[in-house]
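In what follows, a structure is listed as structure tokens, so that the remarks can point back to it.
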Protein chains: 2
Amino acid sequence: MTKDTAAHILLVEDEKPLAALLKESLKLEGFTSRYCKDGEEAWDIFKSEKFDLCLLDVNMPKMNGIELGKLIRDKDAFVPILFLTANSSEQEVLDGFEIGADDYMTKPFSLKELNARIRVLLKRSQTQRNFIATATPEVFQIDNLTIDISNQFIKHADDIKKISKTEAELLKLFIQHKNQVLTRNTILLHVWGRDDFYTARNLDVYINKLRKIIKLTDQTEIINIHGTGFKLADKLTS
Amino acid sequence: MTKDTAAHILLVEDEKPLAALLKESLKLEGFTSRYCKDGEEAWDIFKSEKFDLCLLDVNMPKMNGIELGKLIRDKDAFVPILFLTANSSEQEVLDGFEIGADDYMTKPFSLKELNARIRVLLKRSQTQRNFIATATPEVFQIDNLTIDISNQFIKHADDIKKISKTEAELLKLFIQHKNQVLTRNTILLHVWGRDDFYTARNLDVYINKLRKIIKLTDQTEIINIHGTGFKLADKLTS
DNA sequence: AATATTTCTAAACCAGTTCTTAAAATAAAT
DNA sequence: ATTTATTTTAAGAACTGGTTTAGAAATATT
């Protein structure tokens with residue numbers, strides 16, 4: 001959950017109509033979600049995407065929710081897991097908590113209550129994150145230019161210049177994806193959490209600011225891929 | 001809950017037989033508990049005793065569970081609150097979550113499930129507790145300035161000056177994380193337990209107080225990272 | 001139990017900075 | 001040529017931070 005952007009939720013549910021309802025409900029609450037129809041598919045997705053919460057049906061073909069929950073919990077000790085179940089035998093519920101579930105709801109349930117519980121879990125994990133996380137130092141060196149993201153400054157030949165939070169975030173995104181094309185949409189969602197006309201213009205303003213910084217080195221530049229996005233890349237010396 | 005000792009639970013329930021059953025169950029699970037028969041009594045007790053979790057019945061004479069929960073949440077932003085309710089209208093449940101409940105169970109419920117949910121909540125809050133309770137020496141020496149956190153005073157060239165509890169706590173947090181950027185949110189959660197508009201401005205007031213103290217040494221300073229937070233750092237000697 | 005003292009919060013004000021919007025100029029693609 | 005995308009500059013809006021102060025709340029003292 002970068003910045004103020006919406007939480008991203010993994011939704012695994014084999015009953016299509018319920019799944020559609022849930023996906024719609026999550027959207028209305030302002031969350032983004034990724035839907036998977038069974039446990040195997042979900043596990044594949046989970047390995048490659050970052051989620052703020054997992055909403056798992058227990059009874060599913062191929063791999064049931066509990067098994068999936070265990071895999072998820074083993075890989076990520078903190079991501080909140082909420083199980084949905086139809087025929088909740090007490091033992092099944094206890095099994096869920098045993099493998100590290102955070103909450104359990106029995107069908108049929110109130111959508112509003114589900115949303116309330118989701119918010120509780122998200123708030124808790126967010127608080128936990130803030131409590132523990134003191135920004136890991138992020139210092140990059142490009143040519144004779146030092147870029148300190150967490151302390152928000154750049155240093156060029158003993159000349160220290162402060163940069164803003166947004167500049168730092170954008171710069172970090174580029175550095176982490178050096179030589180890769182970042183689409184406008186990716187950048188906008190990552191840094192601003194939204195993608196609309198004005199924010200897109202704003203990005204251009206910030207590209208301009210960043211180019212002035214990057215110019216201090218003469219090895220690297222931000223190049224535009226017309227109609228697509230931008231790329232931080234080594235200059236061609238030809 | 002100091003490390004290995006059992007969690008201490010506030011149990012508020014006006015139905016005597018259920019209360020007795022719950023108290024017994026908590027004991028079997030290895031928890032200690034304090035029983036109160038109504039909200040008013042519970043609030044008195046809560047103010048003077050430290051609990052790791054609150055188990056509150058919603059329907060009670062004198063002060064209902066929701067009101068009590070709100071008082072508790074205002075005083076302590078972190079202690080987990082679990083509501084028990086007989087006739088759970090959806091709205092009542094939502095009200096509970098609204099005031100900051102962490103979980104909700106509808107009577108009749110499975111004792112085993114209740115215990116599982118209690119353990120989940122305790123586990124989550126444990127992480128934070130551990131972070132708070134990192135034992136560190138309470139006396140620091142920075143340059144010619146001695147800072148005694150537990151006795152709440154600073155000493156500079158034989159000049160002893162008292163500092164307040166909040167000043168001491170904030171100073172300690174900075175010293176423990178010297179040269180690391182602390183976000184406003186992290187600071188607020190640690191020192192004030194909440195992050196809202198007024199508390200945020202309050203932080204600025206205290207930064208101001210602390211800077212006057214820190215100024216007594218000329219090696220160290222509190223610097224602001226615009227839009228992010230603050231950092232206690234060695235002055236740059238350039 | 002009343003009073004004094006200290007500490008904390010809320011609020012106002014100002015200064016500084018960062019972000020957004022707008023608009024004009026330039027470049028690329030069809 | 002014309003449309004669409006990008007670059008650049010700039011003004012003001014919005015936000016963030018620093019400082020002081022008055023009164024509320026909590027704590028200590030008589």
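In what follows, every chain begins at residue 1, and chains take the letters A, B, ... in the order their sequences are listed.
- Within 4.0 Å of B/Phe197, counting heavy atoms only, lies no atom of the nucleic acid at all.
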Are A/Trp192 and A/Tyr206 close enough, and set up right, to give a ring pair (Phe, Tyr, Trp, His ring centres under 6.0 Å), and what steps lead you there? CA-CA 12 Å; A/Trp192 280 272; A/Tyr206 274 85; 5.7 Å; yes
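- Nearest-nucleotide assignment on DNA chain D puts the 5′-proximal partner with A/Lys212, out of B/Arg211 and A/Lys212.
- Ion pairing between a basic and an acidic side chain is recognised when a charged N comes within 4.0 Å of a carboxylate O; A/Asp102 and B/Arg124 show such pairing.
- Taking atom CG on A/Leu188 and atom C1' on D/dT6, their separation rounds to 14 Å, with Å as the unit.
- Following rounding to the nearest Å, B/Leu203 (CG) and D/dG18 (C1') show an atom-to-atom distance of 12 Å.
- In summary, A/Arg184 and A/Asp204 engage in a salt bridge, as defined by a charged side-chain N under 4.0 Å from a carboxylate O.
- Computed from coordinates, the A/Leu170 CG to C/dC19 P distance equals 11 Å when rounded to whole Å.
- Atom pair A/Asp195:CG and C/dT20:C1' shows a separation of 16 Å (rounding to whole Å applied).
- Taking 4.0 Å as the cut-off between side-chain N and carboxylate O, B/Glu49 and B/Arg34 count as a salt-bridged pair.
- D/dA5 atom P lies 12 Å from atom CG of A/Asn224, rounded to whole Å.
- Under the 4.0 Å criterion applied to side-chain N and carboxylate O atoms, B/Glu221 and B/Lys215 are not assigned as salt-bridge partners.
- Taking atom CG of residue A/Asp204 and atom P of nucleotide D/dT4, one finds them 17 Å apart after rounding to whole Å.
- Ion pairing between A/Arg117 and A/Asp103 holds under the 4.0 Å rule for side-chain N and carboxylate O.
- The pair B/Glu29-B/Arg119 meets the salt-bridge criterion, with a side-chain N (NZ, NE, NH1 or NH2) lying under 4.0 Å from an Asp/Glu carboxylate O.
- Not one side-chain nitrogen or oxygen of B/Ser164 sits closer than 4.0 Å to the OP1 or OP2 atom of C/dT6.
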Output a table of nitrogen or oxygen pairs between the protein and nucleotides 9-11 of chain C separated by less than 3.5 Å.
unit_1 : atom_1 : unit_2   : atom_2 : d
C/dT9  : OP2    : B/Trp192 : NE1    : 2.9
C/dT9  : OP2    : B/Asn202 : ND2    : 3.1
C/dT9  : O5'    : B/Asn202 : ND2    : 3.4
C/dA11 : OP2    : B/Tyr198 : OH     : 2.7

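- Taking atom CZ of B/Arg184 as the reference point, atom P of D/dC15 lies 14 Å away to the nearest angstrom.
- The listed nucleotides are C/dT17, C/dC8, D/dG18; the one nearest the side chain of B/His226 is C/dT17.
- Spacing between atom NZ of A/Lys162 and atom P of D/dT16 amounts to 15 Å, rounded to whole angstrom units.
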